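Data first, discussion second: the structure below is written as structure tokens.
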Amino acid sequence: MERITHIYNILTGHNPQSITPLAGAGSNRQYFRVVGGEELSIVSSQLSTVNCQLSTVIAVIGTNREENEAFIDLAIRFKQGDLPVPAVLAVSDDKMVYLQEDCGDMSLYTFLSEHRQADGTLDAEALDALKATIRELPRFQYLPIASDTAEGFFDHCFPQQSMDRTSIMFDLNYFKYCFLKLKGVEINEYRLQQDFERLADDLLIDDEPTFLYRDFQSRNVMLKDGKPYFIDFQGGRRGPIYYDVASFLWQSSAKFSDEVRNLLINEYLDALNALAPCPSLLAPCSFHQRLHLFVLFRILQVLGAYGYRGLWEKKAYFTNSIPLAISNLAKEIALGTCDAYPNLKEVAETLIALNAEEEKSRAKEEAKKAKVQAYLQNDKTYVSNSNIPQGVLPLAGGVREGTLRVSIFSFSFKKGIPVDESGNGGGYVFDCRSTHNPGRYDEYKSLTGLDQPVIDFLEQDGEILTFLESVYRLVDFHVARYIERGFTHLQISFGCTGGRHRSVYSAQHVAEHIHEKFGVEVHLCHREQNITQLLPLAPRP
């Protein structure tokens, strides 16, 4: 905080009123919102001429000097090219801390989520925001060619100056080792490697000095006063224009329909035509053919990441995203994108078939759970009758003799630890306050640990997952022993500051874990949210 205060003081002439941490992204960079005592008019910073009215700025503390230099250099060049990026206002002498213009809290990703209708389609406002965003992309890509500052444009790019064969092979092998191997898919590594080599050759045919944003996706676009502003381009480098279009439109979590993709591709081509940088690329047939090659490559990259973060690190958000990426892969197979790479195509078809089987199993299990849940909800006494689903055993008074029931609570320590009303006493109370708290950030304050943005925050941060690994080992042993000994009740409680985020997430996941592993009856209560849930006794085989 002292370093931020120092650099802010140099820029403005006085100390900040407050410095608030912001939610982190996938990197180790730390972000803070710095609030001044009054609105400032900065006409010129130490780096470039800007003209902005601001009462807040964003402070960034990086861990890698070269990465910081990449962002700062590119931001200055983009600003000079009149592109909508945050102005860099001040930089520390060691380049490890810098201040930039505040682009607000509304990301395009969040905006799209709020404007997605019940049937999954996007409303007119969302489409307008997407059009405005993708029409800016050609200006970024062709700035190295069109600007007066083209000389040395890629000199500070990090970790490399261009997309090359080494980086492509790294990503393809990431897919092989972190997804295919973890999935247990049988492959002929030599033949698959030959296809990887051919694919790399085809991806590198283009040799124009265009800018590859690298991480062009809806989370890296902020909407301020209805206009898109672009952030997190420090990984940019020289590379083909198709990569960013594929990244943006085929981002799995965005769930764009083919209709929306085609609409946005036409918007992109229209904006690209206006620049007229290379007419030979603009023939629709040629463009689409090249684009889908990069779509295939991006899907393989994404599956590699999902494999490592989901299959290896066991992070549910990434595991749950795998079917979306496989669905995109199936469409590319149908389009013939893989035809030139027969061994890769064979592997892809195996993955598609495997995913279909997994989807059937999941659907069957969900239908089974729904049937049992519907029965139990309609007959609270669990009295035997002819409508009991097959496999559900009748219970007397809600509890079969010798059957364990687990009560799980989330709560706020400010309001006291939940009382064990069974009369048995014992059990566990876990303190979640050691883990990163989403409640510190404005965008999560009104949400709970049941909401996807909070789940994403906690799982991508990872501290809560490490915490729960120890919890699972402890309660698994306890539940198993209680079942063995015929005990009928165990209470487990998770507390945090407000009983809203970390405790809710932990209680929900431990309840589902115990129910799935042991099939016992679980009574779940998120006390401060006034939410209760029954996970019923699972049918015996």
Side-chain angles (χ1 to χ4, degrees), residues 7 11 27 29 31 42-52 54 57-60 62 64-103 132-164 167 206-217 220-222 224 227-241 243-245 247-248 268 271-272 274-278:
I7 193 173
L11 175 68
S27 73
R29 293 184 302 280
Y31 294 88
I42 297 179
V43 178
S44 179
S45 76
Q46 69 185 76
L47 301 170
S48 58
T49 299
V50 295
N51 191 355
C52 54
L54 50 88
V57 297
I58 299 299
V60 184
N64 188 301
R65 180 187 175 115
E66 290 180 283
E67 185 179 48
N68 295 343
E69 288 177 331
F71 179 85
I72 293 164
D73 184 71
L74 288 170
I76 292 171
R77 291 176 184 274
F78 290 149
K79 206 68 179 175
Q80 290 171 346
D82 197 31
L83 288 168
V85 299
V88 177
L89 305 170
V91 181
S92 65
D93 292 338
D94 63 0
K95 304 290 182 67
M96 299 303 288
V97 182
Y98 55 92
L99 303 181
Q100 66 184 47
E101 188 180 356
D102 190 348
C103 294
T133 298
I134 203 161
R135 290 189 70 88
E136 292 287 356
L137 178 56
R139 297 180 60 210
F140 282 89
Q141 293 173 324
Y142 280 91
L143 188 66
I145 297 174
S147 73
D148 296 331
T149 60
E151 185 177 351
F153 196 97
F154 301 106
D155 287 355
H156 290 287
C157 287
F158 176 84
Q160 60 199 79
Q161 293 186 6
S162 64
M163 174 180 166
D164 59 13
S167 63
D206 306 287
D207 194 35
E208 279 212 290
T210 47
F211 178 72
L212 190 158
Y213 198 113
R214 178 70 180 178
D215 201 12
F216 192 79
Q217 47 123 330
N220 289 337
V221 180
M222 308 303 294
K224 182 180 180 182
K227 297 179 181 179
Y229 285 77
F230 299 82
I231 61 172
D232 280 4
F233 40 75
Q234 59 276 343
R237 63 200 68 172
R238 174 175 171 164
I241 62 173
Y243 185 101
D244 290 328
V245 181
S247 295
F248 188 67
Y268 171 82
L272 189 56
L275 292 177
C278 187

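A quick note: this is a predicted structure, and the numbers were derived from the prediction, not measured.
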NZ/Lys95 to CD1/Ile72 distance, rounded to the nearest 0.5 angstrom?
6.0 Å

Just by modelled atom types, is the Asp102 backbone N or O under 3.5 Å from a matching donor or acceptor in the Lys224 side chain?
yes

Determine, stepwise, if the pair Leu74 / Phe153 fulfils side chain to side chain contact (heavy atoms under 4.5 Å, CB included).
CA-CA 8 Å; Leu74 288 170; Phe153 196 97; 3.8 Å; yes

Minimal non-hydrogen separation, Leu143 against Gly81, with atom names
CD1-CA, 4.1 Å

Is the shortest side-chain heavy-atom distance between Arg29 and Asp232 below 4.5 Å?
yes

How long is the span from the CG atom in Asp73 to the CZ atom in Phe78, to the nearest 0.5 Å?
9.5 Å

Using the side chain to side chain contact (heavy atoms under 4.5 Å, CB included) rule, take Ile58 and Tyr31 through it: C-alpha gap first, then chi angles, then the decisive distance, then the call.
CA-CA 7 Å; Ile58 299 299; Tyr31 294 88; 4.1 Å; yes

Checking Phe140 against Phe233 for the ring-ring contact (aromatic ring centres under 6.0 Å, His included) test, could you report, in this order, the C-alpha distance in whole Å, the side-chain angles of both residues, the deciding distance, and whether it holds?
CA-CA 10 Å; Phe140 282 89; Phe233 40 75; 7.1 Å; no

Are Phe216 and Phe248 near enough that their ring centres are under 6.0 Å apart?
yes

Identify the heavy atoms of Pro138 and Ala271 that sit nearest to each other, and give their distance.
CG-CB, 4.0 Å

Donor + acceptor pair across side chains of Ser247, Asp244 (<3.5 Å):
no

Identify the two heavy atoms, one from Asp94 and one from Val97, that lie closest to each other, and give their separation to 0.1 Å.
OD1-N, 4.3 Å

Any chance you could measure Asn68, atom CG, to Arg65, atom CZ, to the nearest 0.5 Å?
9.0 Å

Would you check if Cys157 and Arg238 make a side-chain contact, meaning some heavy-atom pair closer than 4.5 Å?
no

Compare all side-chain heavy atoms of Glu69 with those of Phe158 and state whether any distance is below 4.5 angstrom.
no

Regarding Asp164 and Ser162, do their side chains bring together a donor and an acceptor under 3.5 Å, going by distance alone?
no

Heavy atoms only: give me the nearest Ala59-Leu99 pair and the separation to one decimal.
CB-CD2, 3.6 Å

Within this structure, what is the CG-CZ distance for the pair Leu272 and Arg139, rounded to the nearest 0.5 Å?
13.5 Å

Grab the two heavy atoms, one from Pro240 and one from Leu212, that are nearest each other, plus how far apart they are.
CD-CD1, 3.9 Å

Can you find a heavy atom in the side chain of His156 that is under 4.5 Å from one in the side chain of Arg77?
no

With a 4.5 Å limit on heavy-atom distance, are the side chains of Val85 and Gln100 in contact?
no

The residue among Tyr213, Tyr243, Tyr268 that forms side-chain contact (heavy atoms from CB on, under 4.5 Å) with Gln141 is Tyr268

State whether the number of non-hydrogen atoms from other residues, nucleotides or ligands found under 6.0 Å of Asp155 atom CG is greater than 12.
yes

Separation between CG of Leu89 and OH of Tyr98, rounded to the nearest 0.5 Å
12.0 Å

Nearest heavy-atom approach of Pro86 to Cys103 is CB-SG, 3.8 Å

When you compare the side chain of Pro84 with that of Lys227, does any pair of heavy atoms fall below 4.5 Å?
no

Any heavy-atom pair between the side chains of Thr210 and Tyr142 that's under 4.5 Å?
yes

Exam field: side chain Gln234 to backbone Phe71, donor-acceptor pair closer than 3.5 Å
no

